[in-house]
Amino acid sequence: EIVMTQSPVTLSVSPGDRATLSCRASQSVSSNLAWYQQRPGQAPRLLIYAAVTRATGVPARFSGSGSGTEFTLSISSLQSEDFAVYYCQQYDNWPPYTFGQGTKLEIK
Amino acid sequence: QVHLVQSGAEVKKPGSSVKVSCKVSGGTLSSYSINWVRQAPGQGLEWMGGIIPMFRRTNYAQRFQGRVTITADRSTNTVYLELTSLGPEDTALYYCAYYGSASPGWFDSWGQGTLVTVSS
């Protein structure tokens with residue numbers, strides 16, 4: 001089973017600033033990685049797939065990068081609605097699909 | 001755009017079973033996969049298993065093998081998750097999540113979640 005590790009666990013950033021979230025896989029997942037946003041009381045929402053491709057309707061301030069074992073989700077110019085929990089998920093080697101433990105992005 | 005609607009909250013006794021449904025509508029329903037992902041209170045996301053209804057093919061996470069069954073009724077576009085031998089650790093929000101043939105492996109639509117509470 002591929003283990004996904006996200007860092008940091010909590011990230012405090014001021015509105016308008018840039019946030020950088022990391023995700024590491026225990027073995028290469030090529031570019032088979034997705035990012036999700038989960039706001040309180042809501043289901044997860046797909047942001048990024050194939051490591052770098054924004055899902056339909058996702059603002060351009062969200063961007064993904066990386067391949068192999070190291071991935072990054074960047075959010076430029078943070079808006080109030082961006083403060084949420086973010087998860088990465090690999091779909092290279094399954095079952096099982098595996099998620100990171102999440103990064104909580106909070107207002108500084 | 002695929003829309004997923006799940007059944008309502010459940011309260012179960014330890015040792016019992018629960019069956020949760022997920023009705024699929026809209027979009028392209030051929031060769032799609034419905035998966036179940038659970039989230040314990042205050043915790044992260046955990047994939048439990050999935051089904052491709054067209055082929056009745058299922059995959060399960062090892063840790064749930066023997067306790068979980070995922071089935072599909074193609075006539076009503078409804079997928080079911082049944083979990084047996086419930087314990088307090090199974091208290092969680094259970095989400096169904098969709099991917100189609102154009103999005104193999106990432107979940108681009110999610111149900112609203114079904115809260116299952118296991119308590120004596």
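Just so you know, these numbers come straight off a predicted model, no measurement behind them. Each chain gets a letter, A, B and so on, in the order the sequences are listed, and its residues count up from 1.
- Summarising the geometry of B:Y95 relative to A:Q38, their closest heavy-atom pair is OH-NE2, 3.4 Å, with the distance given to 0.1 Å.
- Under a hydrophobic clustering in which Ile, Leu, Val, Met, Phe, Trp and Tyr are joined whenever their side-chain heavy atoms come within less than 4.5 Å, directly or via other members, A:I75 and A:L47 fall into the same cluster.
- When heavy atoms are compared at a cutoff of 4.5 Å, B:F64 does not approach chain A at all.
- No more than 12 heavy-atom neighbours from other residues, nucleotides or ligands sit within 6.0 angstrom of CD on B:Q62.
- Note: A:W94 CH2 to B:N35 CG = 7.5 Å, rounded to the nearest 0.5 Å.
- Put simply, B:M48 and B:I70 are part of the same group of oily side chains (I, L, V, M, F, W, Y) that touch within less than 4.5 Å, one to the next.
- In this structure the side chain of A:Y97 reaches within 4.5 angstrom of the side chain of B:F107, judged on heavy atoms.
- Heavy-atom pairs under 4.5 Å with chain A peak, among B:G111, B:G113, B:G105, B:P104, at B:G105.
- Inter-residue side-chain proximity for B:Y60 and A:P96 is flagged as unmet; no heavy-atom pair is nearer than 4.5 Å.
- Here the straight-line distance linking atom CD of A:Q89 with atom CH2 of B:W106 works out to 10.0 Å at 0.5 Å rounding.
- With a threshold of 4.5 angstrom between heavy atoms, A:A34 approaches chain B through side-chain atoms but not through N, CA, C or O.
- A:Y36 and A:V85 end up in the same hydrophobic cluster when Ile, Leu, Val, Met, Phe, Trp and Tyr side chains are linked at under 4.5 Å.
- B:V18 is not connected to B:V5 by any chain of hydrophobic side-chain contacts under 4.5 Å among Ile, Leu, Val, Met, Phe, Trp and Tyr, and they are in different clusters.
- Considering CH2 of B:W110 and CD of A:Q42, their distance stands at 13.0 Å, rounded to 0.5 Å.
- A continuous path of ILVMFWY side-chain contacts below 4.5 Å connects A:I48 to A:M4, so both sit in one hydrophobic cluster.
- For B:R67, the CZ atom is densely surrounded, since the number of other residues' heavy atoms within 6.0 Å is greater than 12.
- In this model, a donor atom of one side chain and an acceptor atom of the other lie less than 3.5 Å apart for B:Q39 and A:Y87.
- Atom CD of A:E1 is separated from atom CZ of B:R63 by 9.5 Å, given to the nearest 0.5 angstrom.
- For a residue to count as touching a neighbouring chain, one of its non-hydrogen atoms must lie under 4.5 Å from one of that chain's; by this rule B:D108 touches chain A with backbone and side chain alike.
- The OG1 atom of A:T56 sits 7.5 Å away from atom CD of B:Q1, with the distance rounded to the nearest 0.5 Å.
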